[in-house]
Each structure stands twice: as structure tokens, then as C-alpha cells.
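Here is the structure we will look at, set down as C-alpha cells.
Throughout, a chain's letter reflects where its sequence line sits, starting with A, and its residues are numbered from 1.
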There are 2 protein chains.
Amino acid sequence: MDRTARRTENRYGNRPTMKDVAARAGVGLKTVSRVVNGEPGVTPDTERRVQEAIAALGFRRNDSARVLRKGRTASIGLVLEDLADPFYGPLSRAVEEVARAHGALLINGSSAEDPDREQELVLALCARRVDGLVVIPAGDDHRYLEPEIAAGVATVFVDRPAGRIDADVVLSDSFGGARDGVAHLIAGGHRRIGFIGDQPRIHTAAERLRGYRAAMEDAGIPVDERWMSLGVTDPERVRRAAEEMLKGQEPVTAIFAGNNRVTVTVVRVLAELDRRVALVGFDDIELGDLLQPGVTVVAQDAAQLGRTAAERLFRQLDGATLLPERIELPTRLIQRGSGELPPA
Amino acid sequence: MDRTARRTENRYGNRPTMKDVAARAGVGLKTVSRVVNGEPGVTPDTERRVQEAIAALGFRRNDSARVLRKGRTASIGLVLEDLADPFYGPLSRAVEEVARAHGALLINGSSAEDPDREQELVLALCARRVDGLVVIPAGDDHRYLEPEIAAGVATVFVDRPAGRIDADVVLSDSFGGARDGVAHLIAGGHRRIGFIGDQPRIHTAAERLRGYRAAMEDAGIPVDERWMSLGVTDPERVRRAAEEMLKGQEPVTAIFAGNNRVTVTVVRVLAELDRRVALVGFDDIELGDLLQPGVTVVAQDAAQLGRTAAERLFRQLDGATLLPERIELPTRLIQRGSGELPPA
DNA sequence: CTGAAAGCGCTTACAG
DNA sequence: CTGAAAGCGCTTACAG
């Protein structure tokens, strides 16, 4: 190998380039490019010489350079709240599968529910010139994305709509799902029903609360302010909220949990109780069917959410001129026991 | 919105470049570069003019071009088996956090436990010139990575070692963890203990089986071949395997489940049974403490696995000349009831 | 069938 | 303090 003194201190660690391959094979640069990209118009003999040089040098095309020239990076960005939240697992995988089918790589990052961090991450992805973005927004003002979208970055929001810009969004029917779940509890005879949800600035949390209120109102049940608690979903806060509604003279007899994180903690709190309290949770949870009682949930299809968003993204990229659309997926009530417990 | 005729057929959608900014501000290209990168040696007045031009044009630096020139992409690749598997959630997040602390983005992809797909993905990442790779390998021959590593791509394997190359690896003590878990069952009086694990070609599966055998041998218990079942971890296969060991004259009285996927299915099978069968699972599972009985597990720290690997990766990138190392993290037996059930 | 030249949008190395 | 030239490793547009 004569690669030692080739370049001074190495970029990309001294990798051979098409130029090196061309020199070794005794052909022009463009011929190497043709062979590497499988373009026609190279005689078998020339091709063989080039292939040999490629193998001997261990050449691998630098897609960074290719991207610069071609203008598309064949990569998309996925910004979500927390890579470790089980809700995003199937969603991420679905996005990845669609991306893969379109030959694109997935750049993944978490906003940690922080609008500034979301923006920082999104703009970093734009600076890398991802072809498109799938965003589960943390913030409520996405005007910072306008120049990017105008410049051609395909963008689809998932799970929550964009703020102050008009963009595609794919979401679950949070309002309807919560309303149905709460109506189910009411149908079971409950009147004092608690709602524990995420921070009210988060669209899904607000929508689910709205669904809760609608179901209560439909049934003519006045809502006590103490039955509703919105805030961060860490176990301590949720635990306090649940305990608060469960004590006193007139405790709630049922709880609607606003998402999977809340449900898990409420299940823990209820397990410690000496009386039975009904529970319906938004989002399905693993093993929820094997608890005693099984956890009744309003399930949403996270994979379908991701798939729909990613497919929409690639339709944008394929040049379809689409007007921004709002796609809402239905939820499904799964009865497993906890939501069918009668009032104490 | 005027998104209809938004794109012509342009590259990067007609974005302004540093050249455009320079022209508008009436300065040289290099001055724009200085301002954009916060380099010193620009008078306040010049800087202001450039900033105005940047704002007016909506300029955003193209990191693709920057990368080509600088030689480092400030991105790392993470290849795992399945983005949707809860085991990888905390691991991914830990890798992301370390990457973020080092100013790098994370490109994420699944191998679906297919060696060819792993290689394809890894090489695609190398073609994008990621600075480093964190790989949970699906295959057992990674010689294809040799030229990449020689060219300077930092590489750390996680959860399973690399095959046929000498590379850093961070893993949990699968052998010791499984041995301890099985020894715990034996200490509880069990002698007919089943082992259901992943495909034997997967390192962790083989190691855990070895741990099972070691514990049995230490206790002087001859192992019946029918007590061991290795294969894919889809629910159908695991269910059949469990049912097989649980029937007949001399059924197993306890099962050791080789990973979280297996545990979840075995829990389901045991829940349908009219007799109590003990269970210890490798990997912790959410809500495992709330089942009846609670699921005893050999827990590994997935986040720590990811964090350790990523930190090691960046130490490589920071130029430390490190010999390939094998870092093994301890596991922890968590008793919750299922592993303490006596033999029938 | 083949290749030299120009260019993608930046940074580097250098000169003023 | 400022900027023109060269170059990163490819592809595009063109000419032979």
C-alpha cells in the first residue's frame, strides 16, 4: 500500500478516492464514477480493471461528496420526545421501514419535551440537509421552520399539530378516544371520575381533557376541579395527583389516565389500595392484559401513525403538490376489566 | 400559504449560499464564513452587515458541504436489532445523550437480526462517513468492517461481541447472570428447570444457555435435552416451546426465560396454567412487579450499556490510542415472587 | 465507449 | 481585519 505518505494528516482517515481508483486502473475519473454507480456505457474489460482497482484499494464511495453535488441526502430526520418511551418504539420503527423502502436513512433525536431543544435539533437536521422531517413537536410555534419548508424540506408532524404554521399532521383522535373512554366509565355507573394527564400545553393532553369534559357534560355530570390534574408525567407527580383524588369524603371511584406513563403509575397506586377503583388509560401498555384486573385502555396505533406520516413525507418528496392536510386515526377501546369495575 | 408552486426543480430548493450572503453584504466569502462560524477578526460593523444579509436571505449553513471539507461529520451511527424492542429504548437514549454532549447527531437503524441487512446498513453509514459506529451485531463475521476501521471509523460493539475482528465491546454478564438466576431456582428446590432462549447463533443466547448448564452442573443435576429450547423469540415459537416442557409425566417446575421477549410470552402461558410454575427472566420488564406473582428477573442496565459504549466511542474519536477492550457489566437478580415459587 | 472541465458549498492555507 | 485561490470527492454537462 502506498497510502502512507499520500496525504498529510488525514481527512476521513486516508481513504482512497475515485481519483486514486482512476489512477490505478489507468482510466478517467468519470469512468470510475460510471462503474461505481452502475451506469451503462463501459466495456466489460474496462469495468473489470476498475473493479480490480476498487477492490485492491478498498475504495468506498463518499456519499457526503455525492450528496453535495446531487442535492438530496437520502436521509430524513425524526424528532420525538424521548427515544426510551415505549410509545415511540413502534412509531420509530414504522418510520424507519418506510424510509428504508425509499432508500433513505433515519436520523433520530429527542427533544425531551423542550421547545428550544426541538428547534435546535430540527435546525441541525436541516443544516445537514435532510430531505424531510417527521416531527413530534414539543413547542407550539414552528415559524422557525418556514424558510426550511419554503426551501423544500418536506415536513410532516405526528401526534400533535404544528404551531402557527400550516403543515401536514397525522394524529390519533385524542378527543374522541378520551370521550369514549370516559363515557364507558360513566356507563358503568361512575360519576366521580378523575382525569390525570400530561402538561396542558401539550396538544394531546389538552384534547384528552376536552374529551373528558365532553363526556361528563354529555352525561350531565358537573365536574369538580379537584378531579382534574395536569402536569409532567413523572411518577412522583402522578402519584401525588392520584392519591389526592382518592382521599377524602368523596373520592373518585374511577380514573382516566391521559397516557401510557400516567397509566403505569396509576396502576401502581391502585394496586396499593384496599378498595377497587376503576381505570381506563389512553395508550395500550405491555402486559396490561395480565394485570389483576386487566387494564382497560383506549389504544392508538403508534406504528400506523408513523407509517402514515412517513408515507405522506415521501409523497411530498416525490413531488406531489399537496395541500397541508390533517389526518386523524381512530382509537379503539379495549375492555380488560379495570374499566368495568363498578363504583365502590 | 404559497406552497403550490413552491419548488421548481432546484437543488436544496434554491437556498442562499455564503456566496449570496457575501454579494449582498458586499464582503468576501471568507468573511461570511468567519461570521457564520464565530471566528475572530471581523469588525463589528462588517459583522453587522453580514448578519443582516444572513437574516434577509434566510441563510443557513450547509453542513453537508462543511463536512466534505472538514472530514468529520459530527454524526455517529447506531445499528440495533429492532427500534421497537423496549430493551433498546434506554440504550438508544443513552447513546443519543452522549452523542449530543459531543455535538454529534445519531443515525439510527435496525438490522432485524439479519446479518446481511446489518452489513448493508453499516456500510451505508460508513459511506455517509459517520465518525463512529455503535453496533449491536446481528452477524458473526465483521471482517467487512476492517477497511473502515483502518480508515478511522471508531467502532464499539454492544450487547454482543464482534465476529472475527478485534474490536471494543461492552456487554452484560450473560453467563453469570443466567447462572445466578438458575442457581436461584435450584436453591428454591427445583430440579426440572426449562430454558427458553433466542437463536443459538446469538451470543447472548449462547452465553445464557451456558450459564444455565453451568448452574445445573454445579448442582449435579443432569440436564434433559427436552428442557432446552432455542430459536426465534416470536410468541408462537416460545409458546410452543413452553407448552412442550410443561406437559407430560415429568414437566419442568420452573422456567428460565432467556430475554424480555421470551419472558413476556412465558408469563402469558403460565397465567393460563392451573398450577404454579416458577419463572426467572433475563432482562427486566415494565410492570413485572405488579403481576401476580411479580416476575423475578436478572436485570441488566441497558442505559449503562449504551452510555459506556458511546463514551468509549468518543474516547476513540478524541484520539486516544486504545487497545480493543471487552467491558462486562454486572447483572442483578431482582426477586419478586415468580422465582421464589416452590416446585409443585 | 470515454474523459476533461466545471461546479456543488463550504474550509484551508495563504497573501495582503 | 479581509479576501482570492485552491481543494474536499463527487456528479453534471459536454465534447470527442
Side-chain angles (χ1 to χ4, degrees), chain A residues 3 6-50 53-54 57-74 126-129 151-152, chain B residues 9-50 53-54 57-74 126-129 151-152:
Chain A
R3 285 172 50 188
R6 197 181 65 187
R7 267 169 244 149
T8 43
E9 67 277 7
N10 35 17
R11 318 171 5 72
Y12 300 125
N14 271 345
R15 281 170 174 277
T17 71
M18 282 192 181
K19 200 174 154 194
D20 300 323
V21 174
R24 173 152 187 145
V27 300
L29 187 58
K30 177 61 197 171
T31 298
V32 177
S33 174
R34 285 197 181 90
V35 172
V36 168
N37 295 301
E39 288 167 24
V42 182
T43 53
D45 184 59
T46 308
E47 163 142 22
R48 191 185 42 71
R49 291 219 314 287
V50 172
I54 287 174
L57 261 34
F59 169 80
R60 205 102 68 187
R61 183 181 67 195
N62 182 339
D63 282 354
S64 276
R66 171 168 228 247
V67 150
L68 178 61
R69 192 63 240 241
K70 292 200 82 97
R72 273 213 181 178
T73 57
C126 289
R128 299 298 173 97
R129 298 295 186 264
Chain B
E9 64 290 346
N10 35 24
R11 324 175 352 78
Y12 299 129
N14 272 346
R15 281 169 172 278
T17 69
M18 282 193 182
K19 200 174 153 192
D20 299 323
V21 174
R24 174 155 187 140
V27 300
L29 186 59
K30 177 60 198 172
T31 298
V32 177
S33 174
R34 284 197 182 89
V35 171
V36 168
N37 295 300
E39 288 168 23
V42 182
T43 54
D45 183 60
T46 308
E47 162 141 22
R48 191 185 42 71
R49 290 219 314 287
V50 172
I54 287 174
L57 261 35
F59 168 80
R60 205 101 69 186
R61 183 181 67 197
N62 182 337
D63 282 354
S64 275
R66 173 168 226 250
V67 149
L68 178 61
R69 191 62 241 238
K70 290 200 83 96
R72 273 215 182 176
T73 56
C126 289
R128 299 297 173 99
R129 297 297 187 261

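In this entry the distance linking CZ of A:R34 with P of C:dA4 reads 11 Å, nearest Å. If you take CD of B:E39 and P of C:dA13, they are 12 Å apart, rounded to a whole angstrom. Atom CG in B:L68 sits roughly 12 Å away from atom P in C:dC10 (whole-Å rounding). Per the geometry, NZ belonging to B:K19 stands 13 Å off C1' belonging to D:dA4, to the nearest Å. Following rounding to the nearest Å, B:R128 (CZ) and D:dC10 (C1') show an atom-to-atom distance of 14 Å. Distance CG (B:N37) to C1' (C:dG9): 12 Å, rounded to an integer number of Å. Atom CZ in A:F59 sits about 10 Å away from atom P in D:dG9, given to the nearest Å. When the C1' atom of C:dA5 is taken as reference, atom CZ of A:R69 falls 11 Å away, rounded to whole Å.
Counting any heavy atom pair closer than 4.0 Å across all strands shown, B:V27 reaches sugar-phosphate atoms only and no base atom.
The side chain of B:T31 places an N or O atom within less than 4.0 Å of a non-bridging phosphate oxygen (OP1 or OP2) of D:dG3. Side-chain N/O atoms of B:T46 include none lying less than 4.0 angstrom from OP1 or OP2 on D:dC1. A close approach under 4.0 Å does not occur between any side-chain nitrogen or oxygen of B:S64 and OP1 or OP2 of C:dC8. Of the side-chain N and O atoms in B:K30, none sit less than 4.0 angstrom from OP1 or OP2 of D:dA4. In this model, the phosphate group of C:dC1 is not approached by any side-chain N or O of A:T43 to a distance below 4.0 Å at OP1 or OP2. Look at A:K70 and you'll find a side-chain N or O under 4.0 angstrom from OP1 or OP2 of D:dT12.
As the counterpart of D:dT2, C:dA15 is assigned, both hydrogen-bonding distances of the Watson-Crick or G-U wobble pattern falling under 3.5 Å.
Formation of a donor-acceptor pair under 3.5 Å by the A:N37 side chain with backbone atoms of A:E39 is not found in this model. At distances below 3.5 Å, at least one donor-acceptor pair connects side-chain atoms of A:R129 with backbone N or O atoms of A:C126. Side-chain N or O atoms of A:R128 include one that pairs as donor or acceptor with a backbone N or O of B:T73 at under 3.5 Å.
Under the 4.5 Å side-chain criterion, counting only non-hydrogen atoms from C-beta, A:V36 is in contact with A:I54.
Using a cut-off of 4.0 Å between Lys/Arg side-chain N and Asp/Glu carboxylate O, B:D45 and B:R49 are scored as salt-bridged.
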